[in-house]
Amino acid sequence: MAQNLKEIRRRIKSVQNTQKMTSAMKLVSAAKLRRAQERANQARPYAEALRDVLEELAKNAASLRHPLLTERPVVRRGYIVLTSDRGLCGPYNAGVLRVVQRERQGQEAALVAVGKKGRDIFRRRKEEILAEFTPIGDNPSYLLAEAIGQEATAAFLSGRVDQVDLVWASSVSSVLSRPKVEQLLPVVRPRSDQPSGGVVPLFEPDEERVLAGLLPAYVNGVIYSALVDAKAAEHAARMLAMDSATNNAGDLIRSLILLRNRARQAAITSEIAEIVGGAAALE
Amino acid sequence: MNSYQLRVVTPERPFYEGPCTFMILRTEDGEIGVLHGHTPLVSPLVPTAVDLRLESDGTGRRFLAVSGGFLEVRPEQVTLLARTAEWASEIDRERAEAALERAEAQLADPASDRVRAQRAKRRAEARLKALALEEGVSGPGRRQAQAG
């Protein structure tokens, strides 16, 4: 009985230690989440301004051609998959990877792995990895987005893949995220349903050259937005996972304490019984 | 002189927003000056120093370096979509000079990626130009005094 009591005490101590870690991780994730959301907000003005320019251009030059806009029959697909570098973030990576599997429908595909978790899984499954970017850290830079964009564009232009989709977990709110798939290449021609309002701007040197500059910048911009969005989702997922881990540890500790008290009581009872029995034997 | 609203945004954050009366910078087509009432325009930028005059009397001069992007002029609103942007005061002269030397060495080496080296060279030149402009306004001795 005494052995059992000791063991229970040790387990309580151990679960308490785990709880300390999970609750610290939860606080860290909450702080990182705030920062990641801030970065996502800061990235918005550029993305919107760039999109505006592209739409303006599409409105005024609907017949524009560019290799990055050219659709072709899709034989091979490419996916850029954004995952986290580290685990302990609940269903965050599993959700993204499941969507990739669903999207490709058993067909072979070339993958660009961004983040360590995704890369490890793809390697284990012996998938074709076009390029990998790890680790991505907590503050993905625009330079990283440019590097990813360059790989994707090269693969598309060389014909290794006929379409490139971007898959990531998009944060819907600070607790909820949802996997999202967006076609990156060929660039979806922006809709020009609104009539051009006001003065038509001049495109210098000419529409073609402006477009040639805009499209890669747009692709990189979309990737960067997804990167910071995914980071916010990752921290939110980790915060949530650590919150429930902390709660579970609390429940576990409570039931262990109950067990411990019962064991202790049993030990005392049996001790008294022994004393009483001993005294009775002496009489 | 009338002023217009100037916005400098980079992919990572909005960099600057405020009224401006005149600015000079370089597009793919060459050097361009933007005053109030400029015709609406979209043009890609090469890496360039940007010379801003914020006040209507030509004072309030500020200089920055951008490493490419786009200039978008609309009525009353001018947007610089800059790949990266930094104020001249934030530029590290030694680093920019080292980058320039490195890029020139790469250009001399036939085995290297010439396009990339050329771009790096223009970025370094844009930074040094912004620094030179800043020193032209605030007096050339200042930075040396700081360095010594």
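Just so it is clear: chains get the letters A, B, ... in the order the sequence lines come, proteins before strands, and each one is counted from 1. For clarity, every value in this text was computed on a predicted model and none was experimentally measured. All heavy atoms count here, side chains included; hydrogens, waters and symmetry mates do not.
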Side-chain heavy-atom pair L202(A), P40(B) within 4.5 angstrom cut-off =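 No - every pair of side-chain heavy atoms lies 4.5 Å or more apart.
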Can you find a heavy atom in the side chain of L57(A) that is under 4.5 Å from one in the side chain of V42(B)?
->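 They are not in side-chain contact.
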Any idea which of A217(A), A43(A), A212(A), A145(A) has the most non-hydrogen atom pairs under 4.5 angstrom with chain B?
->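 If we count pairs closer than 4.5 Å to chain B, A43(A) comes out on top.
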What residue in G221(A), P45(A), A40(A), P205(A) has the most heavy-atom pairs under 4.5 Å with chain B?
->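 Among the listed options, the one with the most contacts to chain B is P205(A).
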What heavy-atom pair brings P44(B) and V210(A) nearest, and what distance separates the two atoms?
->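 It is CD-CG2, 3.8 Å.
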Toward chain B, the part of A47(A) with a non-hydrogen atom under 4.5 Å |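 Neither; nothing under 4.5 Å.
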Taking V9(B), V73(B), L71(B), L41(B) one by one, which has the highest count of heavy-atom pairs under 4.5 Å against chain A?
->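 The residue among V9(B), V73(B), L71(B), L41(B) with the greatest pair count is L41(B).
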Verdict with reasoning, F70(B) to L50(A), per side chain to side chain contact (heavy atoms under 4.5 Å, CB included) = CA-CA 9 Å; F70(B) 300 90; L50(A) 200 60; 4.2 Å; yes
Do chain B and chain A have donor-acceptor pairs under 3.5 Å, and which are they?
{"residue": "E12(B)", "atom": "OE2", "partner": "Y142(A)", "partner atom": "N", "Å": "2.6"}
{"residue": "E28(B)", "atom": "OE1", "partner": "R209(A)", "partner atom": "NH2", "Å": "3.3"}
{"residue": "P40(B)", "atom": "O", "partner": "L202(A)", "partner atom": "N", "Å": "2.8"}
{"residue": "V42(B)", "atom": "N", "partner": "L202(A)", "partner atom": "O", "Å": "2.7"}
{"residue": "V42(B)", "atom": "O", "partner": "E204(A)", "partner atom": "N", "Å": "3.0"}
{"residue": "S43(B)", "atom": "OG", "partner": "E204(A)", "partner atom": "O", "Å": "3.0"}
{"residue": "R83(B)", "atom": "NE", "partner": "E146(A)", "partner atom": "OE1", "Å": "3.3"}
{"residue": "R83(B)", "atom": "NE", "partner": "E146(A)", "partner atom": "OE2", "Å": "2.5"}
{"residue": "R83(B)", "atom": "NH2", "partner": "E146(A)", "partner atom": "OE1", "Å": "2.8"}

